[in-house]
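Since this is a predicted model, take the numbers as computed values, not measurements. Order of the sequence lines sets the chain letters (A, B, ...), proteins ahead of strands, with each chain counted from 1.
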Amino acid sequence: MDVSFIFDDLNDAQRQAVSKDPCPMLVLAGAGSGKTRVLTHRIAWLVTALEVSPLSILAVTFTNKAAQEMRHRVERMIGSPMRNMWLGTFHGLSHRLLRTHYADAGLSNSFEILDAQDQHRLVRRSLRELNLDEGFWPPRQVQWFINSNKEEGRRPTQLEGSSDNQHQTLTQIYAHYESLCQRFGLVDFAELLLRSLELVQNNEPIRDAYRKRFQHILVDEFQDTNTIQYRWLKLLAQPRNSITAVGDDDQSIYGWRGARIENMALFQKDFPETQILRLEQNYRSTGTILAAANSVIDHNVGRMGKKLWTEDQAGAPIRLYAAFNEIDEARFVLEHLREWVHEGHRRDSIAILYRSNAQSRVFEELLLSEGIPYRVYGGLRFFERAEIKDALAYLRLISNRHSDPSFERVVNVPTRGIGARTATAIREHARASDTSMWAAAVELASKTQIPTRARTSLNYFIDLIEALDASTQDLDLTEQTDIVVQRSGLIDHYRKQHGEKAQTRVENLEELVSAARHFNYDPADDQHPDPLSEFLAHAALEAGEGQAEEWEDCVQLMSLHSAKGLEFPLVFLCGLEEGLFPHQRSIDEPGRLEEERRLCYVGMTRAMVQLFLTWAEVRRLYGRENYTRPSRFLSEISAELVDEIRSSTVLPRATSTPAEALNTVAQTSSPGINLGARVHHAKFGQGTVVSVEGQGEHARVQVRFETAGSKWLVLAYANLDPA
DNA sequence: GCGACATTGTTTTTT
DNA sequence: ACAATGTCGC
């Protein structure tokens, strides 16, 4: 068969990686070097040239988006659907494994997936049941303790015997939490991975079956694998050892949530015949941008060694702006983004990137007031919205009455007279008789232990769920969802409320019905007992990014982490200040600092044509104004690549005299009253102009006075003098 | 059970 | 600053 089409648009290194005989292979793929392309082409090559069945391929990614994209690309190349190829996220594939072998994994066939919120709630419940004070054992920290232990493959029994009291208690909570999960058939995200690892680890027949089946394993973003993900891969890959791992140690930015960059070294040790290939030609950025990014990442020690290069000419210099404060920073970005759009570029070719999501606000406010469409990534996703989770909880109760988290969530939503008191009674009773809350509620509803009023309400709720179940038995998922949304009273509940928020909630609920409609259930392909459970699992595993939302041509705002894997012609990398980026909490530890540097590298390498870097000398954070110093990463960029734009502000810089300061670009008609100018006011004394709005008579300035605090003043009346 | 006030904790995020 | 909880009084 002619397979030349697979190699047509590949360079030598890529070609080698794609067509290497099956072996353990580690592909070090730099930013923009065609990493995804290598993976997809290799799959295509395996299937066509080696005539490998798609059934015997296992391809793993981290995000659903990446998985979808990869499947799509492979299918387009091969020209036929690849439904039976196992291509998905670690969590998705683990889930599939557990559904198929639930009994061997020690689970019930109706186990459900807990998301982070549900897990948080369950941790709190564990604390309550153990009579531990939340103040002393913050649920979030407990959650972190549990997850990070699971990610390292540690069960409570392996943690016992510590002499440290605190550690002992945490382990005890972990154990209790686990018993609750087990009792109610709940599986959190880390548990999906750990269970499925333990399944293949402890069950020889199953392990052998999958080893035999998966003749070729491919892994994307290998540098982000954690301990148990790597163990799982290793277990499945041996002894055949045809495993292709693609990754970039310089883009490892998830160490804080358990990713082990060391897995790249471990891989070479565990698979001694490993072939290492490097993809070092970058097709994305200009020479200048690449050189700048390289000069930053060069400051990390212990890299695997890789030098990105490009055939592109130098390109425009990187432009650096020292803003006076975050408002000035946003203004600067706006100004240059406008210019870019005026040159005829699309808005969605622009990204504003920042270290922490809180930084988006200033940009949003400005873009909104200027009427420029934008989209902020991150934040609540579709299936995480409260009203959606409510509706899903109803659906879940229909399919599994004993789901405590769902029960707790909706017994009183919309409010129907089952308050905290009744809920506690049910919980206590469930605990005492070791059953689910549903069972306890059914029992209590016929007894006189609780007030008649509450009992009536409880009976109403029980009947509602039973009725919903009975009447939707034979309906399809869409109708089922529709009826639940209507009859649960959720829609009416929000319809009655006014305001924009309630309105979007109603719309979201309607959207859920259409999400159910578009959800295709494939009974042949999957292990799910019914479409409903599969839909629920889908909701938990795939939070619904971009659920049916049509985005017009928008400026893209996102954190550096969410920008990984994306590229934009124009990038603004903002807030390059010590303490913000690198983040304060990463500054002291060398390992974490290097991760911040990699994050900076990731950010810079997103830019294709033009990169702007900005920092603000004063930044309001958590309600406090802070004086900042420029990020160390700025000084790590070779100076000749950077065009430092003169700040329109007066900086407390030794080089500028007050006279020079007052003559910098005027934005107001009053000479000398510019951003950053030192001024004097008859009543408030000395101060500094921190922001300026409007022109001429209507000009207003915000002045931060040394003793009188921060004030907004109308220039025409304030009688400010340059000081 | 609900609204009004107080308290709290704020990096990054997928699944 | 601010959102997201928790507590209290009705």
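Across all strands shown, A:Arg624 has no heavy atoms under 4.0 Å from either base or sugar-phosphate atoms. Among the heavy atoms of the strands, none lies under 4.0 Å from A:Arg453.
Taking atom CD1 on A:Ile587 and atom P on B:dT11, their separation rounds to 14 Å, with Å as the unit. Separating the CD atom of A:Glu134 from the C1' atom of C:dT7 is a distance of 14 Å, rounded to the nearest angstrom. To the nearest angstrom, P of B:dT14 lies 17 Å from CD1 of A:Ile113. Between the CZ atom of A:Arg121 and the P atom of C:dA4 there is a distance of 14 Å, rounded to whole Å. The CD atom of A:Gln117 sits 15 Å away from the P atom of B:dT13 (whole-angstrom rounding). Distance, A:Gln119 CD to B:dT13 C1': 14 Å, rounded to whole Å. Rounded to whole angstrom, the span from the CG atom of A:Leu353 across to the C1' atom of B:dT12 amounts to 13 Å. B:dT15 atom P lies 10 Å from atom NZ of A:Lys65, rounded to whole Å.
A:Lys65 has no carboxylate O lying under 4.0 Å from a charged side-chain N of A:Glu221, or vice versa, which leaves the two without a salt bridge. Residues A:Arg125 and A:Glu129 are paired through a salt bridge, judged by an N-O separation under 4.0 Å between the basic side chain and the carboxylate.
Heavy-atom contacts from other residues, nucleotides or ligands closer than 6.0 Å to OH of A:Tyr210 number more than 12.
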Write down the protein N/O and nucleotide N/O pairs, taken from nucleotides 8-10 of chain C, whose separation is under 3.5 Å; answer none if there are no such pairs.
none

Identify each atom pair where a protein N or O and an N or O of nucleotides 3-10 of chain B are less than 3.5 Å apart, giving names and distance.
none

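Here the side chain of A:Ser403 pairs no donor or acceptor atom with the backbone of A:Asn400 at under 3.5 angstrom.
Under the 6.0 Å distance and 45° angle rule, A:Arg99 counts as a cation-pi partner of A:Phe111. A cation-pi arrangement is found for A:Arg257 relative to A:Tyr254, the charged atom lying closer than 6.0 Å to the ring centre and inside a 45° cone about the ring normal.
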TODO: Please lay out, stage by stage, how A:Arg629 and A:Glu577 fare under the test salt bridge (Lys or Arg N to Asp or Glu O under 4.0 Å).
DONE: CA-CA 6 Å; A:Arg629 286 181 304 115; A:Glu577 295 133 41; over 6 Å; no

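Put simply, A:Asn64 has no side-chain N or O that comes within less than 4.0 Å of OP1 or OP2 on B:dT14. Of the side-chain N and O atoms in A:Asn357, one or more sit less than 4.0 angstrom from OP1 or OP2 of B:dT12.
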Which pairs would a plain distance check flag for residues 135-142 of chain A, meaning a side-chain donor or acceptor within less than 3.5 Å of a matching protein atom at least two apart in sequence or in another chain?
none

Can you give each donor-acceptor pair under 3.5 Å made by side-chain atoms of residues 579-592 of chain A, sequence neighbours left out, with the distance rounded to 0.1 Å?
from	atom 1	to	atom 2	distance (Å)
A:His583	ND1	A:Arg585	N	3.0
A:Ser586	OG	A:Glu596	OE2	3.3

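Not counting sequence neighbours, the partners of A:Ser562 by the side chain to side chain donor-acceptor pair (under 3.5 Å) test are A:Ser559. When the side chain to side chain donor-acceptor pair (under 3.5 Å) test is applied to A:Asn64, no partner is found at least two apart in sequence or on another chain. For A:Asp250, the salt bridge (Lys or Arg N to Asp or Glu O under 4.0 Å) partners at least two apart in sequence or on another chain are A:Arg303, A:Lys306. Every residue two or more places apart in sequence or in another chain was checked for a side chain to side chain donor-acceptor pair (under 3.5 Å) with A:Arg128, and none qualifies.
Across the C1' atoms, C:dG6 and B:dT11 are found 25 Å apart, a figure rounded to whole Å. Rounded to whole Å, the P atom of B:dT13 lies 16 Å from the corresponding atom of C:dA4. As rounded to the nearest Å, B:dT14 and C:dA3 have C1' atoms that lie 23 Å from one another.
For A:Ser356, the listed nucleotide lying nearest its side chain is B:dT12; candidates were B:dT15, B:dT12, C:dG6.
Take the nearest nucleotide of DNA chain B for A:Ala358 and for A:Ala116: the residue whose nucleotide is more 5' is A:Ala358.
Screening A:Asn226, A:Thr225, A:Asp249 for a side chain to side chain donor-acceptor pair (under 3.5 Å) involving A:Asn263 leaves a single residue, A:Thr225. Under the side chain to side chain donor-acceptor pair (under 3.5 Å) rule, A:Arg619 has a single partner from A:Glu329, A:Glu326, A:Glu625, which is A:Glu329.
Contact check of residues 252-259 of chain A against DNA chain B (heavy atom, cut-off under 4.0 Å) returns A:Tyr254, A:Trp256, A:Arg257. Remark: A:Ser559, A:His561, A:Ser562 in residues 559-566 of chain A come within less than 4.0 Å of DNA chain B through at least one heavy atom. Within residues 405-422 of chain A, the residues approaching DNA chain B are A:Thr415, A:Gly417, A:Ile418, A:Gly419, A:Ala420, by heavy-atom distance under 4.0 Å.
Applying the 5.5 angstrom centroid cut-off and the 30 degree plane-angle cut-off, the aromatic ring of A:His583 is stacked upon the base of B:dT11.
With no hydrogens or angles considered, a side-chain donor-acceptor pair links A:Gln143 and A:Gln119 at under 3.5 Å.
Residue pairs meeting the side chain to side chain donor-acceptor pair (under 3.5 Å) criterion with at least one partner in residues 410-424 of chain A, sequence neighbours excluded, are A:Tyr394-A:Arg416.
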